[in-house]
Amino acid sequence: MTSSDAPLLDVRALQIRYGAVNAVRDASLTVRKGELVAVIGNNGAGKSSILRGICGLVKPVAGKVIFSGLESTSMPAHQHVARGLVMVPEGRLIFADQSVEDNLILGAYTRWRKARPESLAAIERAYTLFPRLKERRHQQAGSLSGGEQQMLAIARGLNSNPKLLMIDELSLGLAPKIVEQLLEVLQTLNRQGLSILLVEQLAAYALGIAQRAYVVANGVIAKEGKATELANDPEVMAAFLGKKHE
Ligand SMILES: Nc1ncnc2c1ncn2[C@@H]1O[C@H](COP(=O)(O)OP(=O)(O)OP(=O)(O)O)[C@@H](O)[C@H]1O
Ligand SMILES: [Mg+2]
(Lines give C-alpha, C1' and ligand atoms only; values in the text may rest on other atoms or scores of the structure.)
(Ligands and ions follow the chains in the order given, each with its own letter.)
Protein backbone atom coordinates (compact mmCIF):
# COMPACT_ATOMS: atom_id res chain seq x y z
CA MET A 1 0.00 0.00 0.00
CA THR A 2 1.46 3.38 -0.95
CA SER A 3 1.17 6.24 1.46
CA SER A 4 -1.42 8.02 -0.72
CA ASP A 5 -3.65 4.93 -0.37
CA ALA A 6 -3.32 4.93 3.42
CA PRO A 7 -6.55 5.71 5.24
CA LEU A 8 -6.88 8.95 7.18
CA LEU A 9 -7.91 6.93 10.23
CA ASP A 10 -6.88 3.33 10.72
CA VAL A 11 -8.05 1.58 13.87
CA ARG A 12 -6.68 -1.91 14.36
CA ALA A 13 -7.90 -4.53 16.84
CA LEU A 14 -8.82 -1.96 19.47
CA GLN A 15 -9.67 -3.21 22.97
CA ILE A 16 -11.11 -1.03 25.72
CA ARG A 17 -11.80 -2.10 29.28
CA TYR A 18 -13.29 -0.35 32.25
CA GLY A 19 -12.15 -2.48 35.18
CA ALA A 20 -13.80 -5.84 34.62
CA VAL A 21 -16.03 -4.57 31.77
CA ASN A 22 -14.77 -5.53 28.31
CA ALA A 23 -16.46 -2.67 26.49
CA VAL A 24 -14.59 -3.12 23.19
CA ARG A 25 -13.17 -6.58 22.48
CA ASP A 26 -11.99 -6.21 18.90
CA ALA A 27 -12.69 -3.22 16.72
CA SER A 28 -10.93 -2.48 13.43
CA LEU A 29 -12.14 0.26 11.14
CA THR A 30 -10.91 2.79 8.62
CA VAL A 31 -11.97 6.17 7.33
CA ARG A 32 -10.47 7.35 4.06
CA LYS A 33 -9.95 10.97 3.23
CA GLY A 34 -13.23 12.50 2.10
CA GLU A 35 -15.39 9.60 3.32
CA LEU A 36 -18.47 9.73 5.51
CA VAL A 37 -18.48 6.50 7.54
CA ALA A 38 -21.15 5.43 10.02
CA VAL A 39 -20.79 3.28 13.12
CA ILE A 40 -24.13 1.85 14.19
CA GLY A 41 -25.09 -0.45 17.03
CA ASN A 42 -27.49 -0.79 19.90
CA ASN A 43 -27.32 0.69 23.36
CA GLY A 44 -24.15 -0.36 25.17
CA ALA A 45 -22.58 -1.98 22.09
CA GLY A 46 -19.33 -0.06 22.60
CA LYS A 47 -19.67 2.76 20.06
CA SER A 48 -18.76 5.65 22.37
CA SER A 49 -15.92 3.64 23.85
CA ILE A 50 -14.44 3.15 20.38
CA LEU A 51 -14.54 6.92 19.82
CA ARG A 52 -13.05 7.61 23.25
CA GLY A 53 -10.27 5.16 22.47
CA ILE A 54 -9.61 6.78 19.09
CA CYS A 55 -9.30 10.28 20.48
CA GLY A 56 -7.30 9.45 23.59
CA LEU A 57 -9.97 9.93 26.26
CA VAL A 58 -9.49 6.33 27.39
CA LYS A 59 -6.32 4.34 27.00
CA PRO A 60 -6.91 1.15 24.98
CA VAL A 61 -5.58 -2.05 26.57
CA ALA A 62 -4.62 -3.30 23.10
CA GLY A 63 -4.75 -2.25 19.48
CA LYS A 64 -3.53 0.66 17.43
CA VAL A 65 -4.88 3.97 16.23
CA ILE A 66 -3.12 5.48 13.23
CA PHE A 67 -4.30 8.94 12.27
CA SER A 68 -2.97 10.94 9.36
CA GLY A 69 0.01 8.68 8.93
CA LEU A 70 1.16 8.67 12.54
CA GLU A 71 0.54 6.10 15.25
CA SER A 72 -1.33 8.08 17.87
CA THR A 73 -2.63 5.41 20.24
CA SER A 74 -1.25 6.92 23.42
CA MET A 75 -1.33 10.60 22.51
CA PRO A 76 -3.25 12.81 24.93
CA ALA A 77 -6.61 14.16 23.70
CA HIS A 78 -5.47 17.77 23.13
CA GLN A 79 -2.73 16.61 20.74
CA HIS A 80 -5.31 14.77 18.68
CA VAL A 81 -7.32 17.99 18.33
CA ALA A 82 -4.23 19.92 17.26
CA ARG A 83 -3.58 17.21 14.61
CA GLY A 84 -7.11 17.51 13.26
CA LEU A 85 -8.91 14.63 14.99
CA VAL A 86 -11.94 16.22 16.60
CA MET A 87 -14.89 14.67 18.43
CA VAL A 88 -18.35 16.07 19.12
CA PRO A 89 -19.17 14.05 22.25
CA GLU A 90 -22.40 12.27 23.13
CA GLY A 91 -24.63 14.75 24.97
CA ARG A 92 -22.87 17.74 23.30
CA LEU A 93 -21.08 19.06 26.42
CA ILE A 94 -21.32 22.72 25.58
CA PHE A 95 -20.56 25.39 28.18
CA ALA A 96 -24.14 26.08 29.27
CA ASP A 97 -23.49 29.34 31.14
CA GLN A 98 -21.36 30.87 28.39
CA SER A 99 -22.77 32.66 25.38
CA VAL A 100 -23.06 30.93 22.01
CA GLU A 101 -20.23 33.07 20.68
CA ASP A 102 -17.95 32.33 23.64
CA ASN A 103 -18.51 28.61 23.04
CA LEU A 104 -17.42 29.11 19.43
CA ILE A 105 -14.35 31.07 20.51
CA LEU A 106 -13.43 28.19 22.83
CA GLY A 107 -13.77 25.82 19.86
CA ALA A 108 -11.27 27.94 17.94
CA TYR A 109 -8.96 28.20 20.94
CA THR A 110 -6.00 26.31 19.51
CA ARG A 111 -5.90 28.84 16.67
CA TRP A 112 -7.20 31.84 18.61
CA ARG A 113 -3.91 32.41 20.35
CA LYS A 114 -1.88 32.26 17.15
CA ALA A 115 -4.21 33.44 14.43
CA ARG A 116 -7.06 35.58 15.64
CA PRO A 117 -8.28 36.71 12.19
CA GLU A 118 -8.53 33.08 11.03
CA SER A 119 -10.44 32.22 14.17
CA LEU A 120 -12.87 35.06 13.54
CA ALA A 121 -13.32 33.81 9.98
CA ALA A 122 -14.04 30.33 11.35
CA ILE A 123 -16.74 31.76 13.60
CA GLU A 124 -18.29 33.61 10.66
CA ARG A 125 -18.26 30.33 8.71
CA ALA A 126 -20.11 28.67 11.57
CA TYR A 127 -22.74 31.41 11.40
CA THR A 128 -23.11 30.91 7.66
CA LEU A 129 -23.58 27.17 8.17
CA PHE A 130 -26.00 27.68 11.08
CA PRO A 131 -27.72 31.11 10.77
CA ARG A 132 -29.72 30.22 13.88
CA LEU A 133 -26.53 30.41 15.94
CA LYS A 134 -25.86 33.91 14.65
CA GLU A 135 -29.34 35.00 15.73
CA ARG A 136 -28.62 33.59 19.16
CA ARG A 137 -24.95 34.60 19.42
CA HIS A 138 -25.31 36.52 22.71
CA GLN A 139 -27.70 34.04 24.34
CA GLN A 140 -26.51 31.61 27.01
CA ALA A 141 -25.81 28.26 25.34
CA GLY A 142 -27.79 26.42 28.04
CA SER A 143 -30.96 28.23 26.97
CA LEU A 144 -30.79 26.88 23.40
CA SER A 145 -33.05 24.07 22.18
CA GLY A 146 -31.53 20.58 21.87
CA GLY A 147 -31.16 20.97 18.11
CA GLU A 148 -29.48 24.37 18.47
CA GLN A 149 -27.12 22.94 21.08
CA GLN A 150 -26.16 20.17 18.66
CA MET A 151 -25.56 22.83 15.96
CA LEU A 152 -23.32 24.64 18.43
CA ALA A 153 -21.43 21.46 19.33
CA ILE A 154 -20.83 20.72 15.63
CA ALA A 155 -19.85 24.33 14.88
CA ARG A 156 -17.45 24.29 17.83
CA GLY A 157 -15.88 21.09 16.52
CA LEU A 158 -15.50 22.63 13.06
CA ASN A 159 -13.76 25.65 14.57
CA SER A 160 -10.92 23.37 15.63
CA ASN A 161 -10.26 22.91 11.90
CA PRO A 162 -10.69 19.12 11.78
CA LYS A 163 -9.36 16.72 9.17
CA LEU A 164 -11.76 14.17 10.63
CA LEU A 165 -14.90 15.11 12.53
CA MET A 166 -16.30 12.33 14.73
CA ILE A 167 -19.85 12.81 16.03
CA ASP A 168 -21.29 10.65 18.79
CA GLU A 169 -25.11 10.25 18.66
CA LEU A 170 -26.11 13.17 16.49
CA SER A 171 -29.81 12.40 17.00
CA LEU A 172 -29.84 12.06 20.79
CA GLY A 173 -33.08 13.54 22.12
CA LEU A 174 -33.87 15.45 18.92
CA ALA A 175 -37.05 15.55 16.83
CA PRO A 176 -36.81 13.79 13.43
CA LYS A 177 -37.11 17.05 11.50
CA ILE A 178 -34.14 18.55 13.34
CA VAL A 179 -32.08 15.37 12.87
CA GLU A 180 -32.77 15.52 9.14
CA GLN A 181 -31.63 19.16 8.98
CA LEU A 182 -28.40 18.31 10.80
CA LEU A 183 -27.77 15.31 8.53
CA GLU A 184 -28.10 17.61 5.52
CA VAL A 185 -25.45 19.90 6.99
CA LEU A 186 -23.12 16.92 7.51
CA GLN A 187 -23.72 15.82 3.95
CA THR A 188 -22.86 19.31 2.69
CA LEU A 189 -19.67 19.38 4.76
CA ASN A 190 -18.72 15.95 3.43
CA ARG A 191 -19.33 17.06 -0.16
CA GLN A 192 -17.01 19.99 0.54
CA GLY A 193 -14.34 17.43 1.43
CA LEU A 194 -14.61 16.93 5.19
CA SER A 195 -14.09 13.36 6.39
CA ILE A 196 -16.72 12.33 8.95
CA LEU A 197 -17.20 9.39 11.32
CA LEU A 198 -20.79 9.36 12.51
CA VAL A 199 -21.77 7.18 15.45
CA GLU A 200 -25.50 6.66 15.67
CA GLN A 201 -27.89 4.35 17.46
CA LEU A 202 -30.66 5.25 15.01
CA ALA A 203 -29.15 3.38 12.10
CA ALA A 204 -31.54 4.44 9.36
CA TYR A 205 -30.44 8.05 9.70
CA ALA A 206 -26.74 7.27 9.57
CA LEU A 207 -27.01 4.75 6.72
CA GLY A 208 -29.03 7.35 4.77
CA ILE A 209 -26.02 9.65 4.39
CA ALA A 210 -22.95 7.43 4.89
CA GLN A 211 -20.95 5.79 2.13
CA ARG A 212 -19.78 2.88 4.31
CA ALA A 213 -20.74 1.62 7.73
CA TYR A 214 -19.71 -0.68 10.56
CA VAL A 215 -22.12 -2.51 12.84
CA VAL A 216 -20.93 -2.85 16.43
CA ALA A 217 -22.43 -5.54 18.68
CA ASN A 218 -21.12 -6.55 22.09
CA GLY A 219 -17.80 -4.82 21.62
CA VAL A 220 -16.92 -6.29 18.23
CA ILE A 221 -17.45 -5.19 14.63
CA ALA A 222 -20.16 -7.63 13.61
CA LYS A 223 -20.57 -6.40 10.02
CA GLU A 224 -19.20 -3.84 7.65
CA GLY A 225 -19.99 -2.76 4.13
CA LYS A 226 -21.50 -0.16 1.88
CA ALA A 227 -24.21 1.80 3.67
CA THR A 228 -26.77 1.01 0.96
CA GLU A 229 -26.05 -2.72 1.28
CA LEU A 230 -26.29 -2.71 5.06
CA ALA A 231 -29.54 -0.74 4.85
CA ASN A 232 -30.97 -3.61 2.78
CA ASP A 233 -29.43 -6.41 4.85
CA PRO A 234 -32.27 -8.38 6.51
CA GLU A 235 -30.21 -9.02 9.67
CA VAL A 236 -29.31 -5.37 10.06
CA MET A 237 -32.90 -4.41 9.25
CA ALA A 238 -34.20 -6.71 11.97
CA ALA A 239 -31.72 -5.45 14.55
CA PHE A 240 -31.85 -1.72 13.91
CA LEU A 241 -33.81 -0.38 11.04
CA GLY A 242 -37.14 -0.46 12.77
CA LYS A 243 -35.55 2.26 14.81
CA LYS A 244 -35.81 5.85 13.88
CA HIS A 245 -37.59 7.45 16.76
CA GLU A 246 -39.46 5.26 19.18
N1 LIG B 1 -16.94 4.61 32.38
C2 LIG B 1 -17.40 3.36 32.32
N3 LIG B 1 -17.19 2.47 33.34
C4 LIG B 1 -17.65 1.20 33.26
N5 LIG B 1 -18.31 0.69 32.22
C6 LIG B 1 -18.55 1.52 31.18
C7 LIG B 1 -18.12 2.89 31.17
N8 LIG B 1 -18.51 3.46 30.01
C9 LIG B 1 -19.15 2.49 29.32
N10 LIG B 1 -19.18 1.34 30.02
C11 LIG B 1 -19.76 0.06 29.58
O12 LIG B 1 -19.12 -0.31 28.38
C13 LIG B 1 -20.05 -0.85 27.45
C14 LIG B 1 -20.04 -0.04 26.18
O15 LIG B 1 -20.53 1.27 26.46
P16 LIG B 1 -20.53 2.44 25.39
O17 LIG B 1 -20.95 3.68 26.10
O18 LIG B 1 -19.25 2.45 24.66
O19 LIG B 1 -21.66 1.95 24.40
P20 LIG B 1 -22.50 2.72 23.28
O21 LIG B 1 -22.59 1.81 22.13
O22 LIG B 1 -21.93 4.06 23.06
O23 LIG B 1 -23.93 2.85 23.94
P24 LIG B 1 -25.05 4.01 23.79
O25 LIG B 1 -25.77 3.71 22.52
O26 LIG B 1 -25.91 3.79 24.97
O27 LIG B 1 -24.38 5.33 23.77
C28 LIG B 1 -21.40 -0.86 28.16
O29 LIG B 1 -21.55 -2.14 28.73
C30 LIG B 1 -21.24 0.19 29.23
O31 LIG B 1 -22.05 -0.10 30.33
MG1 LIG C 1 -22.66 5.97 23.24
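Indexing begins at 1, ligand by ligand and atom by atom, following the structure's order. Note that the numbering runs from 1 along the sequence shown for the chain. Atom set for the values below is all heavy atoms of this structure, side chains included, hydrogens, waters and symmetry mates excluded.
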the protein heavy atom lying closest to atom 19 (O) of ligand 1 turns out to be Gly46 N, 3.2 Å

I'd like to know if the side chain of Lys47 reaches the main chain of Gly41, judged simply by a donor and an acceptor atom lying under 3.5 Å from each other, with no hydrogens or angles considered.
yes

Which protein non-hydrogen atom lies closest to atom 9 (C) of ligand 1, naming both residue and atom, and how far is it?
Tyr18 CE1, 3.4 Å

Treating Ser143 as the side-chain partner and Gln139 as the backbone partner, does any N or O pair qualify as donor plus acceptor under 3.5 Å?
no

For Gln201, take its heavy atoms, then give the atoms of ligand 1 lying under 4.0 Å from any of them.
24 (P), 25 (O), 26 (O)

Heavy atom of protein closer than 4.0 angstrom to atom 30 (C) of ligand 1
no

Using a strict cut-off of 4.0 Å, indicate which atoms of ligand 1 neighbour a heavy atom of Glu90.
27 (O)

Nearest protein heavy atom under 4.0 Å from atom 3 (N) of ligand 1, yes or no
yes

Is any side-chain heavy atom of Thr30 less than 4.5 Å from a side-chain heavy atom of Val11?
no

Can any side-chain N or O of Glu169 pair as donor or acceptor with the backbone N or O of Glu90 at less than 3.5 Å?
no

Spell out the protein N/O/S atoms under 2.8 Å from the Mg ion (ligand 2) as residue plus atom name.
Ser48 OG, Glu90 OE1

Hey, could you give me each pair passing salt bridge (Lys or Arg N to Asp or Glu O under 4.0 Å) that has a residue in residues 185-208? Not counting sequence neighbours.
none

Examine Gly41 against ligand 1 and note whether any of their N/O atoms are separated by less than 3.5 Å.
no

With no hydrogens and no angle check, is any side-chain donor or acceptor of Ser195 less than 3.5 Å from a backbone partner on Gly34?
yes

Is the shortest N/O to N/O distance between Ala23 and ligand 1 below 3.5 Å?
no

Give the atoms of ligand 1, by number and element, whose distance to some non-hydrogen atom of Glu169 is under 4.0 Å.
25 (O), 27 (O)

To which of Ala217, Gly53, Ala45, Ser49 does the heavy atom nearest atom 15 (O) of ligand 1 belong?
Ser49

Is it true that Leu51 lies under 4.0 Å from ligand 1, counting heavy atoms only?
no

May I ask you to identify the nearest protein heavy atom to atom 26 (O) of ligand 1, giving residue, atom name and distance to one decimal place in Å?
Asn43 OD1, 2.7 Å

I would like to know whether Cys55 and Met166 meet side chain to side chain contact (heavy atoms under 4.5 Å, CB included); could you show each step before the answer?
CA-CA 9 Å; Cys55 68; Met166 305 196 292; 3.9 Å; yes

Have a look at ligand 1 and work out which part of Asn42, if any, has a heavy atom under 4.0 Å from it: side chain, backbone, both or neither.
backbone

For atom 14 (C) of ligand 1, what is the nearest protein heavy atom, given as residue, atom name and distance?
Gly44 O, 3.4 Å

